[in-house]
Amino acid sequence: MRFLQRAAAVVMFLVSAAGIQAVQGGPAQAALPTAAVALGDSFVSGEGAGDYQPVVDASGTAQTFPGWSAANSNAYFCHRSANASVFTASLPGIQQRFNLACSGAQPADIAAPASARAEGRAVASQLDQLRALAQTHDIDVVLVGLGSNNTQFTFGDVATLCANRFIADAWTGWWEFWAYLKGEVPQKPCTASDLATDAEVAAATTETTAALRQILDTLAQIDADGTHQVILQTYTNPLPPDIAAQYHDEDGRTDTRDKFRALGAERYAAGCPIHRASLAPGHVFSQNLGSLVKNARATLAAERPAADLRVLDVQRAFDGARLCENPGSPAGALATPVRVQDGPSGTFITSLSGWDKIDIQRAANTCVTYFQTCQESWHPNAAGHTVLGQCLAGAFAAAPRAVVSCARNADGTLTMS
């Protein structure tokens with residue numbers, strides 16, 4: 001009995017001593033605040049949603065709006081919006097949100113500074129930015145939007161191609177092309193192969209998969225507790241499968257006629273300067289982008305079955321509220337209309353009524369020389385990012401490794417499946 005009493009006393013002494021030692025050693029390190037982070041390109045950076053925040057450039061300087069005639073490489077034109085979906089989503093347990101995405105970003109920009117390639121912005125690699133953030137935060141959610149820009153094609157080039165063909169067709173007659181331009185300016189509707197061939201999509205998938213693999217590798221190295229979900233978001237088309245009847249013709253002319261300026265001006269004002277025949281190829285392109293993201297995820301999920309790698313498919317998130325899908329566009333649409341400036345003035349042109357082809361060319365050249373004057377075109381607007389935020393919340397709450405589709409219903413509600 002005395003032996004047991006003595007043993008108990010020894011145990012109590014050791015526990016007490018350990019407690020004293022713990023107190024002397026100081027308090028345990030406080031847990032890092034949890035964070036959600038957006039990586040990738042314009043569809044997650046918040047391009048088109050306004051309220052753009054200062055962006056720290058590669059030299060460590062926070063860049064605010066530099067003026068419309070500044071170089072488009074300025075870090076500010078990453079257009080990181082306070083209205084982006086990563087900020088609007090309900091993410092219980094997440095204490096802070098960060099946007100490291102950059103409008104125009106390509107897969108190479110994940111591991112290398114964007115300035116290392118032509119037309120890139122002066123920002124550090126997104127992984128370097130993520131590593132710095134992980135020093136002070138526990139990364140629990142990573143939203144990634146990647147694939148629409150790559151070495152094969154870019155969303156901006158695709159959009160510009162189809163809009164320019166429509167405008168050229170609307171304002172310039174076939175005889176003017178023959179006599180003065182010798183047919184060098186295309187004016188036929190876009191086809192699917194004009195936008196991205198199967199080979200180009202395959203190459204873009206390989207690039208995107210490699211960049212996503214780098215993200216997963218980095219997270220495995222830097223995440224404080226090793227627990228995180230990575231949500232790969234697809235893309236949504238800003239235009240409908242067909243436009244409302246109101247925009248089919250004007251002055252008795254459709255877009256199958258030679259020169260249809262009134263119709264061209266009407267569709268530009270509504271935000272959808274594009275041939276009706278280009279809409280179906282555009283949806284093939286957006287569906288290919290969705291397949292790109294899903295195929296990249298499938299490859300990585302097979303490599304890393306334990307990784308919580310999710311897909312958020314938002315291709316139908318804007319159904320019924322796309323540009324020119326309803327009369328009165330762009331009011332009520334969830335995407336930004338095509339808008340240009342007549343010189344880097346800051347004043348967006350909302351009507352081309354009465355413009356001649358020389359005026360049109362001048363505005364088009366402004367977009368080419370000062371891309372920031374038109375780069376917001378055909379992106380989710382602030383209301384659109386609110387919807388995407390609701391979709392993100394659904395993916396966040398889903399089971400690990402889920403593939404989640406977010407579709408908008410006729411009454412504006414969303415269905416997650």
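Computed from a predicted structure; not experimentally measured.
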Chemist: About how many Å separate SG of C406 and CE of M416, when rounded to the nearest 0.5 Å?
Modeler: 4.5 Å

Chemist: Of the non-hydrogen atoms in L146 and A211, which two are nearest, and what is the gap between them?
Modeler: CD2-CB, 3.7 Å

Chemist: Side chains of D41 and S148: any donor to acceptor distance under 3.5 Å?
Modeler: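 Yes, D41 and S148 have a side-chain donor paired with an acceptor closer than 3.5 Å.
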
Chemist: Provide the closest heavy-atom pair for N237 versus S286 in the form atom of the first, atom of the second, distance.
Modeler: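 It is ND2-OG, 3.5 Å.
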
Chemist: Does some side-chain heavy atom of V230 sit less than 4.5 Å from a side-chain heavy atom of D308?
Modeler: no

Chemist: Tell me if a side-chain donor or acceptor on Q233 pairs with a main-chain N or O of L312 at a distance below 3.5 Å.
Modeler: no

Chemist: Measure across T64 and P54 and return the closest heavy-atom pair with its distance rounded to 0.1 Å.
Modeler: CG2-CG, 3.9 Å

Chemist: Just wondering, do W378 and V338 contact through their side chains at under 4.5 Å, heavy atoms?
Modeler: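 In short, these two side chains touch, coming nearer than 4.5 Å.
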
Chemist: Minimum heavy-atom separation for A382 and N83, please, with both atom names.
Modeler: CB-ND2, 4.2 Å

Chemist: Hey, does the side chain of N409 reach the backbone of G412 with a donor-acceptor pair shorter than 3.5 angstrom?
Modeler: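 No, N409 side chain to G412 backbone: no donor-acceptor pair under 3.5 Å.
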
Chemist: Could you check R165 against D194 for salt bridge (charged side-chain N to carboxylate O under 4.0 Å, His left out), going step by step and ending with a plain yes or no?
Modeler: CA-CA 12 Å; R165 286 189 177 191; D194 288 328; 3.1 Å; yes

Chemist: Are the side chains of R408 and Q390 in contact, using a 4.5 Å heavy-atom criterion?
Modeler: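 Not in contact.
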
Chemist: Does a side-chain heavy-atom distance below 4.5 Å link L239 with R322?
Modeler: no

Chemist: Are D217 and Q221 close enough, and set up right, to give a side-chain hydrogen bond (donor to acceptor under 3.5 Å, both in side chains), and what steps lead you there?
Modeler: CA-CA 7 Å; D217 287 343; Q221 297 164 3; over 6 Å; no

Chemist: Go through it in stages, so that I can follow the logic: the residues are R131 and L127, the test is side chain to side chain contact (heavy atoms under 4.5 Å, CB included), and I'd like the CA-CA distance, side-chain angles, deciding distance and then a yes or no.
Modeler: CA-CA 6 Å; R131 290 186 187 99; L127 287 183; 3.8 Å; yes

Chemist: Is the side chain of Y268 donor-acceptor paired with the backbone N or O of I167 at a distance under 3.5 Å, no angle test?
Modeler: no

Chemist: Output the distance between atom CD (Q96) and atom OG1 (T136), rounded to the nearest 0.5 Å.
Modeler: 8.0 Å

Chemist: Answer yes if the side chains of Q53 and D51 hold a donor-acceptor pair under 3.5 Å, and no otherwise.
Modeler: yes

Chemist: Determine whether L263 and D251 make a side-chain contact, defined as any pair of heavy atoms from C-beta on separated by less than 4.5 Å.
Modeler: no

Chemist: Among V44, L212, V37, which one satisfies side chain to side chain contact (heavy atoms under 4.5 Å, CB included) with V144?
Modeler: L212

Chemist: Taking side chain to side chain contact (heavy atoms under 4.5 Å, CB included) as the criterion, tell me which of Q372, R80, Q375 meets it with S103.
Modeler: Q375

Chemist: Counting only N and O atoms by type, is there a donor-acceptor contact under 3.5 Å from the side chain of D356 to the main-chain atoms of I358?
Modeler: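 Present.
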
Chemist: Between Q129 and L133, is any pair of side-chain heavy atoms under 4.5 Å apart?
Modeler: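 Side-chain contact under 4.5 Å: no.
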
Chemist: Check the pair K294 / D313 against side chain to side chain contact (heavy atoms under 4.5 Å, CB included), numbers first and verdict last.
Modeler: CA-CA 9 Å; K294 293 174 184 177; D313 187 352; 2.7 Å; yes

Chemist: Using salt bridge (charged side-chain N to carboxylate O under 4.0 Å, His left out), reason through R117 and D109 one step at a time and then give a plain yes or no.
Modeler: CA-CA 9 Å; R117 62 173 177 81; D109 301 348; 2.8 Å; yes

Chemist: Once ring-ring contact (aromatic ring centres under 6.0 Å, His included) is applied, do any residues pair with F166, and if so which ones, sequence neighbours excluded?
Modeler: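 F166 satisfies ring-ring contact (aromatic ring centres under 6.0 Å, His included) with F260, H275 once adjacent residues are dropped.
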
Chemist: Answer with yes or no after comparing the ring centroid distance for F155 and F43 against a 6.0 Å cut-off, counting only values under it.
Modeler: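 When the ring centroids of F155 and F43 are compared, they turn out to be within the sub-6.0 Å range.
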
Chemist: Which residues pass the ring-ring contact (aromatic ring centres under 6.0 Å, His included) test with H137, not counting sequence neighbours?
Modeler: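 Residues passing ring-ring contact (aromatic ring centres under 6.0 Å, His included) with H137: F98.
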
Chemist: For a side chain to side chain contact (heavy atoms under 4.5 Å, CB included) with L100, tell me which candidate from V142, L130, V55, D128 qualifies.
Modeler: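 Checked V142, L130, V55, D128 against L100; only one passes side chain to side chain contact (heavy atoms under 4.5 Å, CB included): L130.
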
Chemist: Taking T160 for the side chain and G156 for the main chain, is one N or O donor matched with an acceptor at less than 3.5 Å?
Modeler: yes

Chemist: Is it the case that the side chain of N99 and the backbone of S45 share a donor-acceptor pair, with hydrogens and angles ignored and the cut-off at 3.5 Å?
Modeler: yes

Chemist: Per the disulfide bond (SG atoms under 2.5 Å apart) rule, what does the pair list look like for residues 208-320, sequence neighbours excluded?
Modeler: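 Qualifying pairs: C272-C324.
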
Chemist: Tell me whether the centres of the aromatic rings in F87 and H385 are closer together than 6.0 Å.
Modeler: no

Chemist: Under 6.0 Å from the CD atom of E119, do we count more than 12 heavy atoms belonging to anything else shown?
Modeler: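 Not more than 12 within 6.0 Å, no.
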
Chemist: How far apart are the C-alpha atoms of L279 and I274, what are their side-chain angles, what is the distance that settles it, and do they pass the side chain to side chain contact (heavy atoms under 4.5 Å, CB included) test?
Modeler: CA-CA 8 Å; L279 293 170; I274 193 167; 3.9 Å; yes

Chemist: Are the side chains of L289 and T234 in contact, using a 4.5 Å heavy-atom criterion?
Modeler: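 SC-SC contact between T234 and L289 ruled out.
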
Chemist: Is the side chain of R362 donor-acceptor paired with the backbone N or O of K357 at a distance under 3.5 Å, no angle test?
Modeler: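 Checking the backbone N and O of K357 against the side chain of R362, no donor-acceptor pair under 3.5 Å is found.
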
Chemist: Among D249, D255, D242, find the one that has a salt bridge (Lys or Arg N to Asp or Glu O under 4.0 Å) with R276.
Modeler: D242

Chemist: Just so I know, are the side chains of H248 and I243 near enough to count as touching, which here means a heavy-atom distance under 4.5 Å?
Modeler: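 Result yes, sub-4.5 Å side-chain heavy-atom pair found.
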
Chemist: Output the distance between atom CG (L143) and atom CZ (R310), rounded to the nearest 0.5 Å.
Modeler: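 It comes to 12.5 Å.
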
Chemist: How close do P330 and L323 get, heavy atom to heavy atom, and via which atoms?
Modeler: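 That would be CB-CD2, 3.9 Å.
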
Chemist: I need the R261 CZ to L352 CG distance, nearest 0.5 Å.
Modeler: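 Taking CZ in R261 and CG in L352, the distance rounds to 11.0 Å.
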
Chemist: Judged by modelled atom types alone, do S291 and N295 share a side-chain donor-acceptor pair under 3.5 Å?
Modeler: no

Chemist: Between F285 and F153, does a ring pair (Phe, Tyr, Trp, His ring centres under 6.0 Å) hold up when you go through it step by step?
Modeler: CA-CA 11 Å; F285 176 72; F153 54 81; 5.5 Å; yes

Chemist: Can you tell me how far CG of L334 sits from CG of L388, rounded to the nearest 0.5 angstrom?
Modeler: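 Reported value, rounded in 0.5 Å steps: 8.5 Å.
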
Chemist: Could you measure the distance from the CG atom of D225 to the CD1 atom of I139? Nearest 0.5 Å is fine.
Modeler: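 If I round to the nearest 0.5 Å, the distance is 10.0 Å.
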
Chemist: Hey, is the main chain of G48 close enough, under 3.5 Å, to the side chain of Y52 for a donor-acceptor pair?
Modeler: yes

Chemist: If you compare all heavy atoms of G67 against all heavy atoms of F77, which two are closest, and at what distance to 0.1 Å?
Modeler: O-CZ, 3.8 Å

Chemist: Between S351 and S353, is any side-chain donor less than 3.5 angstrom from a side-chain acceptor?
Modeler: no

Chemist: Please step through side chain to side chain contact (heavy atoms under 4.5 Å, CB included) for the pair E303 and L216, ending with a clear verdict.
Modeler: CA-CA 11 Å; E303 293 176 3; L216 295 179; over 6 Å; no

Chemist: Is there a donor-acceptor contact under 3.5 Å from the side chain of S81 to the main chain of E47?
Modeler: no

Chemist: Checking N150 side chain against Q106 main chain: does a donor-acceptor pair fall under 3.5 Å?
Modeler: no

